[in-house]
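What follows is a single structure, written as structure tokens, with notes after it.
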2 protein chains.
Amino acid sequence: MIDRIHLKIMAAIDRHGSLTAAAESLYLTQSALSHTMKKLEQQTGVTLWHKEGRQLRFTQAGEYLLQQALRLSPQLERVDQVLKEFADGDRGTLRIGMECHPCYIWLLTVVNPFLKAWPNIDVDVKQRFKFGGMAALFQHDIDLLVTPDPLLKKGVEFIPVFDYEQVLVLSTNHPLTKKAYVTPKDLSQETLYTYPVETERLDIFKDFLLPANTSPLRHKTLEATEIMLEMVAAERGVATLPLWLVQTYQDSLPITYQKLGKSGLKKQIYLGMRSNEDRSFTSAFIQMARASVESEGSST
Amino acid sequence: MIDRIHLKIMAAIDRHGSLTAAAESLYLTQSALSHTMKKLEQQTGVTLWHKEGRQLRFTQAGEYLLQQALRLSPQLERVDQVLKEFADGDRGTLRIGMECHPCYIWLLTVVNPFLKAWPNIDVDVKQRFKFGGMAALFQHDIDLLVTPDPLLKKGVEFIPVFDYEQVLVLSTNHPLTKKAYVTPKDLSQETLYTYPVETERLDIFKDFLLPANTSPLRHKTLEATEIMLEMVAAERGVATLPLWLVQTYQDSLPITYQKLGKSGLKKQIYLGMRSNEDRSFTSAFIQMARASVESEGSST
DNA sequence: GTATATTATGAATATTTTTCATGAGTGTCA
DNA sequence: TGACACTCATGAAAAATATTCATAATATAC
């Protein structure tokens, strides 16, 4: 029944004092306003104003409608404005999905400048997915996927961000440090620590142990990277992590590393996003991610 | 830009799960909804939802708009509802103007049951008018005028409510109590107490003293009826009040009264309202006013 | 009284909304 | 797998609505 235009007209009459002036302020004719409000009066059965000389005087109902107009009009304008911000990419949440546990620390170094560069965009990071990161991306549960396993599929695009080598982390006293490199069979007598995800998603299983039809003596899972490294340092077992991550801890813990296989286990981290979705801040994040890696000199 | 229909559509989609079901709930076609929202999307530049299989999934902007819709739609509906209440006379304020000071006590006996019978209608009483009660009525400052001086004018209607006699209130010891009635000349040696209004509006001047070209020795004004009567009782002067009012105080104070002139000063109280204004509760108030008087047996 | 304001209103016009008909995609089930 | 049922999108036509134009009616200022 009542519509936004009625609120605007009431507010304009109040502000400008006459129908004619109100009409001008709304870029309409006085006639249009008169007709519009007359129709509202007929539909609702109320009288909104009386003519008093050449002035208008609101009735009680008109006064009420004016109050509501003054209250509601700005709220509707605010909705317009926010919608425009969404359209311009000045507002939103960038939801990042992580399928690469150790990348979290790296991600934080990108998120920090991103938040500064895009003050109206929030960032959310998700690490658990019911049906995998790809499904989450397709279902719009996330907007960006950080993963070492890109999937060529219509509707998504993957961009390599950086290369890294997955290595076996060992206590400095560990016998395997003597070898030139580690073979799958070497691990069959070891306790292996990994993050608590499915073995299909763990490089050490997928790309190293399973092809050789081998498995470690024991497989234990841990959430926290630091604890995992402490376990290795305490000679409780071994773990696999990206080389760059091991290097950052090598100074503070008695740990070292070994190549997995003769030529090492080379990996790449990709950022995946839905194609044909053009949110400027998503692309901006990807740019910043690549830049962060290049400045470190550890990139493609 | 954004309009009420967009809010309703968003809320309906959320509630019914699909465009088709939402369209049905709004008594529109699916096509209409699709076109309407498409247009909004084009105007603002946002995407509100994605098709996911045969389902719709709101984007962040869509989710935002939905939240605003759920918040604002009920408020707009409430405005419709209140406007309808105004139209039906289920809401409003009855503003009563008084040009008859002593009638205030009588008025209260009408207002009380009125408030009970019309729980959504407020009552306001005004006693001071810049340009008189008639002007206030015309200017919609009041809706009802209680006055002993009806003015036959286009646009207003006056209905007599009750007859009364204006009498001179005297201390029981006053010499004038000995006479059969009081003449204008009798007052030329008296101190007269009246309400503080223009003499043209005081019956004692307008209908009694001025026609005889006489005036009282002294004229003092007082706001409160009770104090006025105390003054009279203390033999400080005389006053003129409606007979029925004097009678209610006669038991508790040493006062009595005298007819003004041989046949007494007969007055009538009228209720005036703007004609062609059809607010049911205004008429209802008039009905209750008349009824209150009839039950007392002091009416026309 | 005349000129200049105001709002209201009927008719004509312009614009917007809605429907109709249909296309294109997706899930279901025999 | 193919028929079917159901979804939303879309172009064109139809219907409804909003706006303007021209003008009346009325009030105010000079």
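Proteins get letters first, then strands, A, B, ... in listed order; numbering begins at 1 in each.
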Determine: side-chain N/O of [X] to OP1/OP2 of [N], distance under 4.0 Å, yes or no.
X       : N      : answer
A:Thr29 : D:dT19 : no
B:Lys38 : D:dA9  : no
A:Thr36 : D:dT19 : yes

Under 4.0 angstrom, heavy atoms only, what part of the nucleic acid is [X] near: base, sugar-phosphate, or nothing?
X       : result
B:Ile5  : nothing
B:Ser18 : sugar-phosphate
B:Thr20 : sugar-phosphate
B:Leu28 : sugar-phosphate

Exercise. Checking only heavy atoms, does the side chain of B:Arg54 share a donor-acceptor pair with the base of D:dT7 at less than 3.5 Å?
Worked result: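 A donor-acceptor contact between them is absent.
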For this session: Classify the side chain of A:Ser31 versus the base of C:dT9 as yes if they form a donor-acceptor pair under 3.5 Å and no if they do not.
Result: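 Side chain to base: pair present.
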Calculate the interatomic distance between [X] atom [atom1] and [N] atom [atom2]; express it in whole Å.
X       : N      : atom1 : atom2 : result
B:Gln55 : C:dG25 : CD    : P     : 19 Å
A:Lys8  : D:dA18 : NZ    : C1'   : 16 Å
A:Gln30 : D:dA18 : CD    : P     : 17 Å
A:Lys39 : D:dA16 : NZ    : P     : 11 Å
A:Leu48 : C:dA8  : CG    : P     : 11 Å
A:His35 : C:dA8  : NE2   : C1'   : 8 Å
B:Trp49 : D:dT7  : CH2   : P     : 15 Å
B:Met37 : D:dT7  : CE    : P     : 18 Å

Exercise. B:Ser34 side chain to B:Gln30 main-chain N or O, any donor-acceptor pair under 3.5 Å?
Worked result: no
Exercise. Is the shortest distance from a Lys or Arg side-chain nitrogen in A:Asp207 or A:Lys267 to a carboxylate oxygen in the other one below 4.0 Å?
Worked result: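 Here A:Asp207 pairs with A:Lys267 in a salt bridge, since their nearest N and O are under 4.0 Å apart.
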Problem set entry | Salt bridge present between B:Arg128 and B:Glu223 (N-O < 4.0 angstrom) |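 Counted as a salt bridge, because a side-chain N and a carboxylate O are separated by less than 4.0 Å.
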Exercise. So with a 6.0 Å cut-off around CD of A:Glu85, is the heavy-atom count from everything else above 12?
Worked result: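 Yes, because the 6.0 Å sphere around CD of A:Glu85 holds more than 12 heavy atoms from other groups.
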Exercise. Hey, do the aromatic rings of A:Phe162 and A:Trp106 have their centres closer than 6.0 Å?
Worked result: yes
